[in-house]
Amino acid sequence: MNDSIRLARPDDVPRVKEVTDAAYRPYIERIGVVPAPMEADHAADVAAGGVFVAGDPVVGVLVLIAEPDHLFLDSIAVHPDVKGTGLGRRLLHFVDDHARALGLPEVRLYTNAMMWENQKIYPRYGYELVERRVRGPYDRFHYRKVLAPPAGAGPDRD
């Protein structure tokens, strides 16, 4: 597997959908609704420059949205065939690096309350629970991670 993470191209859209569906499909029965990432307009997300992929063929997907004061991690998906290989960890580290490169001080995300595995994972990567919010059929835990400035960054000294 190729370890690089790159911006998705239009020809990646079918594989972005395939990986996203494979990663989120197991949750449909548990949460009682189709997870939002499965219903996303992947072509529009790729065209907007917000999708990053890993692997050849693609086995990891990130959907990122730069907001004025944070980077929103809209979706992270790892194909079940490569689960446990460290790809999820690499994708999360990429998110932090991308936010810093954009000059954004924090990353935000949410996860469905019924995806309890994620509630154990995100705190291990420095995310703190901010709130639980219900919108329509989605009951979600919202997280944020305040990023430390890069080494050597800080106020100038005279």
Side-chain angles (χ1 to χ4, degrees), residues 1 5-55 57-99 102 104-147:
M1 177 178 68
I5 299 169
R6 62 172 173 80
L7 195 59
R9 301 179 302 258
D11 62 320
D12 291 317
V13 171
R15 188 66 184 166
V16 166
K17 177 169 180 37
E18 186 178 328
V19 170
T20 300
D21 288 355
Y24 285 92
R25 187 175 292 113
Y27 294 111
I28 294 172
E29 186 175 340
R30 187 190 304 174
I31 67 176
V33 295
V34 173
M38 292 178 72
E39 296 183 325
D41 184 339
H42 302 293
D45 291 340
V46 168
V51 180
F52 293 83
V53 295
V58 170
V59 291
V61 176
L62 290 169
V63 180
L64 304 174
I65 301 168
E67 299 289 353
D69 62 346
H70 69 279
L71 183 64
F72 180 64
L73 172 52
D74 189 43
S75 176
I76 181 170
V78 172
H79 197 283
D81 290 349
V82 296
K83 198 171 178 181
T85 64
L87 178 57
R89 179 184 68 246
R90 290 195 310 275
L91 290 170
L92 286 172
H93 288 305
F94 176 87
V95 172
D96 293 353
D97 292 343
H98 188 65
L102 295 173
L104 297 172
E106 70 180 60
V107 177
R108 297 181 192 169
L109 62 85
Y110 52 70
T111 189
N112 192 284
M114 297 298 289
M115 295 179 181
W116 49 77
E117 301 90 342
N118 296 343
Q119 296 165 42
K120 295 175 184 171
I121 292 170
Y122 293 127
R124 288 198 316 244
Y125 288 92
Y127 288 86
E128 62 178 320
L129 179 63
V130 175
E131 67 180 334
R132 183 174 185 171
R133 196 181 316 159
V134 177
R135 178 174 284 165
Y138 299 105
D139 180 2
R140 296 173 170 147
F141 286 96
H142 292 250
Y143 290 87
R144 69 181 267 201
K145 178 179 186 177
V146 177
L147 301 172

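We're numbering straight along the sequence, starting at 1.
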K.L.:
Run the side-chain contact (heavy atoms from CB on, under 4.5 Å) test on L109 and V95 for me, step by step, so that the C-alpha distance in whole Å, both residues' side-chain angles and the decisive distance to 0.1 Å come before the verdict.
P.N.:
CA-CA 11 Å; L109 62 85; V95 172; over 6 Å; no
K.L.:
According to the ring pair (Phe, Tyr, Trp, His ring centres under 6.0 Å) rule, which pairs have a member within residues 62-92, sequence neighbours left out?
P.N.:
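As it turns out, the ring pair (Phe, Tyr, Trp, His ring centres under 6.0 Å) pairs with a partner in residues 62-92, which skip direct neighbours, are F72-Y110.
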K.L.:
Please tell me if the side chains of E117 and Y27 come closer than 4.5 Å, counting only heavy atoms from C-beta onward.
P.N.:
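In short, these two side chains touch, coming nearer than 4.5 Å.
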K.L.:
What verdict does the side-chain contact (heavy atoms from CB on, under 4.5 Å) test give for R108 and D69, after you've listed the backbone C-alpha separation in whole Å, the side-chain angles of each residue and the deciding distance to 0.1 Å?
P.N.:
CA-CA 10 Å; R108 297 181 192 169; D69 62 346; 3.4 Å; yes
K.L.:
If you look at every heavy atom in G49 and L7, which pair is closest and at what distance?
P.N.:
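Shortest heavy-atom separation between G49 and L7 comes out as O-CD1, 3.5 Å.
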K.L.:
Could you tell me which non-hydrogen atom of V46 sits nearest to which non-hydrogen atom of A8, and how far apart they are?
P.N.:
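Nearest pair, atom of V46 first, then A8: CG1-O, 3.7 Å.
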K.L.:
Taking 4.0 angstrom as the limit, do K17 and D12 come out as a salt bridge?
P.N.:
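Not counted as a salt bridge, because no side-chain N and carboxylate O are separated by less than 4.0 Å.
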K.L.:
Does a salt bridge link E128 with K145, judged by any charged N lying under 4.0 Å from a carboxylate O?
P.N.:
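Not counted as a salt bridge, because no side-chain N and carboxylate O are separated by less than 4.0 Å.
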K.L.:
Verify side-chain contact (heavy atoms from CB on, under 4.5 Å) between L62 and L73, making sure each step is shown before the conclusion.
P.N.:
CA-CA 7 Å; L62 290 169; L73 172 52; 3.8 Å; yes
K.L.:
Please find the pair of heavy atoms, one from A54 and one from L87, that lie closest to each other, and give the distance.
P.N.:
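Smallest heavy-atom distance, with atoms named: CB-CD1, 3.8 Å.
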K.L.:
Taking side chain as C-beta onward, heavy atoms only, is M115 less than 4.5 Å from P35?
P.N.:
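Heavy-atom side-chain distance check passes, below 4.5 Å.
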K.L.:
Under 6.0 Å from the ring centre and within 45 degrees of the ring axis: does the NZ or CZ of R140 meet both conditions for the six-membered ring of Y138?
P.N.:
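Output yes; distance and angle both within limits.
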K.L.:
Given V78, which of T85, L91, V59 fulfils the side chain to side chain contact (heavy atoms under 4.5 Å, CB included) condition?
P.N.:
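By the side chain to side chain contact (heavy atoms under 4.5 Å, CB included) criterion, V78 pairs with just one of T85, L91, V59: L91.
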K.L.:
For A44, which residues count as a side-chain contact (heavy atoms from CB on, under 4.5 Å) partner, sequence neighbours excluded?
P.N.:
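A44 satisfies side-chain contact (heavy atoms from CB on, under 4.5 Å) with D41 only.
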K.L.:
Sequence neighbours left out, what passes side-chain contact (heavy atoms from CB on, under 4.5 Å) with T20? Give chain and number order.
P.N.:
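Per chain and number, T20 pairs via side-chain contact (heavy atoms from CB on, under 4.5 Å) with V16, Y24, P37, H42, V61, A77.
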K.L.:
Does some side-chain heavy atom of L92 sit less than 4.5 Å from a side-chain heavy atom of Y122?
P.N.:
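Touching, per the 4.5 Å side-chain cut-off.
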K.L.:
Are L64 and D74 close enough that some pair of their side-chain heavy atoms sits under 4.5 Å apart?
P.N.:
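No, side chains not in contact.
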K.L.:
Side-chain contact, heavy-atom cut-off 4.5 Å: L71 with H98?
P.N.:
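Yes. Closest side-chain heavy atoms under 4.5 Å.
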K.L.:
Looking at every heavy atom in both G88 and I76, which two are closest together, and how far apart are they?
P.N.:
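Heavy atoms only, the tightest pair is O-CD1, 4.1 Å.
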K.L.:
Ring-plane angle category for H93 and Y125, please: parallel below 30°, perpendicular beyond 60°, tilted otherwise.
P.N.:
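Judged by the thresholds at 30° and 60°, the geometry between H93 and Y125 is perpendicular.
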K.L.:
Can you see which heavy atom on I5 is nearest to which on R90, and at what distance?
P.N.:
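Heavy-atom minimum between the residues: CD1-O, 3.8 Å.
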K.L.:
Out of curiosity, R132 CZ to D139 CG, how far, rounded to the nearest 0.5 Å?
P.N.:
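Going from the CZ atom of R132 to the CG atom of D139 covers 4.0 Å.
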K.L.:
Please check: side-chain N/O of E131 versus main-chain N/O of F141, any donor-acceptor pairing under 3.5 Å?
P.N.:
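Side chain of E131 to backbone of F141: no pair is present.
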K.L.:
Could you walk me through whether E106 and R144 pass the side-chain contact (heavy atoms from CB on, under 4.5 Å) test, one step at a time?
P.N.:
CA-CA 7 Å; E106 70 180 60; R144 69 181 267 201; 3.1 Å; yes
K.L.:
Over all heavy atoms of both residues, which pair between P123 and N118 is shortest? Give the atoms and the distance, please.
P.N.:
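Taking P123 first and N118 second, the nearest heavy atoms are CD-O, 4.1 Å.
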